[in-house]
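Here is the structure we will look at.
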Protein chains: 2
Amino acid sequence: MTAQAHPAGLSSAEQTRLKLLDAAAELFATKGFRDVAVRDICGKAGANIAAINYHFGGKDNLHLAALDHARRRALAEEPYPAGPPAAGPLPPQDKLHRHVRGMLGRAFATGPASWYVNMVLREMVDPSPALAHAIDDNIGPHQRRLEGIVAQLMDREAEDREVRDLAAGITAMAVYYHACRAVITHTEPDRVFDQAEADRLTDLIVRFAVAGIEGLAR
Amino acid sequence: MTAQAHPAGLSSAEQTRLKLLDAAAELFATKGFRDVAVRDICGKAGANIAAINYHFGGKDNLHLAALDHARRRALAEEPYPAGPPAAGPLPPQDKLHRHVRGMLGRAFATGPASWYVNMVLREMVDPSPALAHAIDDNIGPHQRRLEGIVAQLMDREAEDREVRDLAAGITAMAVYYHACRAVITHTEPDRVFDQAEADRLTDLIVRFAVAGIEGLAR
DNA sequence: CATTGATTCAATCAATCGTTTTAAATTGGG
DNA sequence: CCCAATTTAAAACGATTGATTGAATCAATG
């Protein structure tokens with residue numbers, strides 16, 4: 001009645017559940033929660049229209065489940081940037097570089113590893129009932145880590161008002177290249193957003209931010 | 001048959017047209033194009049549901065007309081920041097301060113003068129068919145002006161790739177406090193976004209940007 | 001083999017959207 | 001004063017949305 005012994009070790013129900021989560025995460029990441037109809041998701045997953053409500057109890061709950069699913073898929077991948085997690089404590093400039101590079105790299109990537117970041121970035125700009133969930137799981141800790149780096153660079157407390165606002169400003173630059181791509185593409189149609197561009201922008205943003213923070217700390 | 005002599009000098013049709021434009025601009029600015037139903041606009045304007053299609057030929061055309069309407073209303077107001085447009089040529093730092101202060105001040109404002117900026121900011125993050133229109137009228141010239149200021153600060157050409165990207169980064173910080181307000185409010189529920197906050201953020205952003213640009217130019 | 005409970009399926013529901021239609025009311029020129 | 005053009009009003013249309021229904025299917029169990 002319940003679990004069936006399948007070749008892949010997954011019951012038929014678990015297979016459709018996973019196919020729905022994959023399809024939902026990819027579509028939500030690329031087109032946004034509100035611009036995707038449950039029919040699209042079921043069509044992409046090869047499932048029936050009623051499957052979402054049967055397995056998840058509605059589109060909103062599927063959204064939450066897809067966020068968690070995409071998060072697990074991203075965490076399962078090789079951490080970005082690749083390589084060992086550094087032997088000793090990094091200088092704050094390098095920490096900042098890794099931080100910004102991680103955001104832009106994933107934001108400009110495609111494929112399952114990029115779904116989560118793109119869903120979260122969309123959530124920041126076009127909030128849904130899942131925003132609080134995304135903040136608690138990702139945005140909040142992510143931002144607090146950045147505030148720690150900025151505080152270290154300024155030699156101040158992480159709770160300092162200016163530290164928080166400057167960290168938000170750094171996040172803003174990374175978010176901008178994801179959220180306002182339509183504006184950039186309009187004036188620079190040939191511009192591509194690949195990993196090389198992520199490298200270039202990361203260098204620029206980090207050099208700009210470090211110089212600005214040091215100039216401000218004086 | 002057409003124009004009727006009204007006390008206010010406006011025919012009944014022109015009155016309905018204006019009431020529709022005001023209602024549409026305010027609702028589009030506060031809730032976004034896609035989250036506003038034509039029924040809401042007509043209800044707020046006290047007009048019939050068919051009025052929009054009669055006067056403007058559809059919701060999309062109303063959006064374009066409301067953008068122009070809001071732009072004219074904003075230009076009719078006292079330019080912000082108030083005061084004389086400065087006697088001589090300002091130093092680039094002051095130009096940048098006026099530029100950022102103008103964006104944040106209008107973005108944090110309420111009332112008819114803020115409708116246009118809020119509509120344009122929404123357009124950047126959630127594009128509609130009116131995006132090209134908004135870019136040609138506002139975003140493009142606005143960004144080019146900022147690129148000129150940044151180029152002056154760096155002593156480079158305005159077409160320089162880094163100049164353009166740094167100008168985009170400055171815009172990004174201002175856009176962030178408008179587009180991601182839900183994220184900020186979630187972690188800092190008591191934070192208010194008024195003109196005093198616009199002053200504070202402008203100072204911070206300008207000092208940060210000037211220091212960063214000068215450090216980068218070396 | 002019949003039963004059982006979980007799953008899938010096609011069909012449909014109720015709500016909302018922008019838009020259109022049809023007729024009545026209003027308006028200003030003759 | 002009357003007529004033709006214009007404007008408003010109310011209803012409904014067609015499309016799309018997320019959600020639901022009830023029967024059919026499936027695999028495992030007794």
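By convention in this document, chain letters (A, B, ...) are assigned in the order of the sequence lines, proteins followed by strands, and residues within each chain are numbered from 1.
- Atom-to-atom, NZ of B:K59 to P of C:dT19 comes out at 8 Å; the value is rounded to the nearest Å.
- Within 4.0 Å (heavy atoms only), B:A50 reaches at least one base atom of the nucleic acid.
- When rounded to the nearest whole Å, the span between CD1 of B:I52 and C1' of D:dT7 equals 15 Å.
- Remark: A:N48 is not in phosphate contact with C:dT7, judged by side-chain N or O atoms under 4.0 Å from OP1 or OP2.
- One can place CZ of A:R39 at 13 Å from P of D:dT20, the figure rounded to the nearest angstrom.
- Taking atom CG of residue B:D35 and atom P of nucleotide C:dG18, one finds them 10 Å apart after rounding to whole Å.
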Test side-chain hydrogen bond (donor to acceptor under 3.5 Å, both in side chains) applied to A:R200 and A:Q195, step by step:
CA-CA 9 Å; A:R200 210 185 57 76; A:Q195 295 300 312; over 6 Å; no
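- For the pair A:R34 and A:E123, the salt-bridge criterion is not met [side-chain N within less than 4.0 Å of a carboxylate O].
- Out of C:dT8, C:dT19, D:dA19, the shortest distance to the side chain of A:T16 is found at C:dT8.
- Atom CG in A:N53 sits roughly 14 Å away from atom C1' in C:dT8 (whole-Å rounding).
- Rounded to whole angstrom, the span from the CG atom of A:L20 across to the P atom of D:dA19 amounts to 13 Å.
- Ring-centre distance between A:F208 and B:F208: below the 6.0 Å cut-off.
- Among the protein residues, B:I49 comes within range of the nucleic acid bases, having at least one heavy atom under 4.0 Å from a base atom.
- For the pair B:H63 NE2 and C:dT19 P, the interatomic distance rounds to 13 Å; values are reported in whole Å.
- With rounding to whole Å, B:F56 atom CZ is found 11 Å from D:dT8 atom P.
- Looking at the side chain of A:Y54, the nearest of the listed nucleotides C:dT12, C:dG18, C:dT7 is C:dT7.
- Between B:R144 and B:E147, no side-chain nitrogen of the basic residue sits less than 4.0 Å from a carboxylate oxygen of the acidic one, so the salt-bridge criterion is not met.
- Geometrically, B:R181 engages B:F193 in a cation-pi contact, judged by NZ or CZ lying under 6.0 Å from the ring centre and within 45° of the ring axis.
- In terms of phosphate contacts, B:H55 brings a side-chain nitrogen or oxygen within less than 4.0 Å of OP1 or OP2 of D:dT8.
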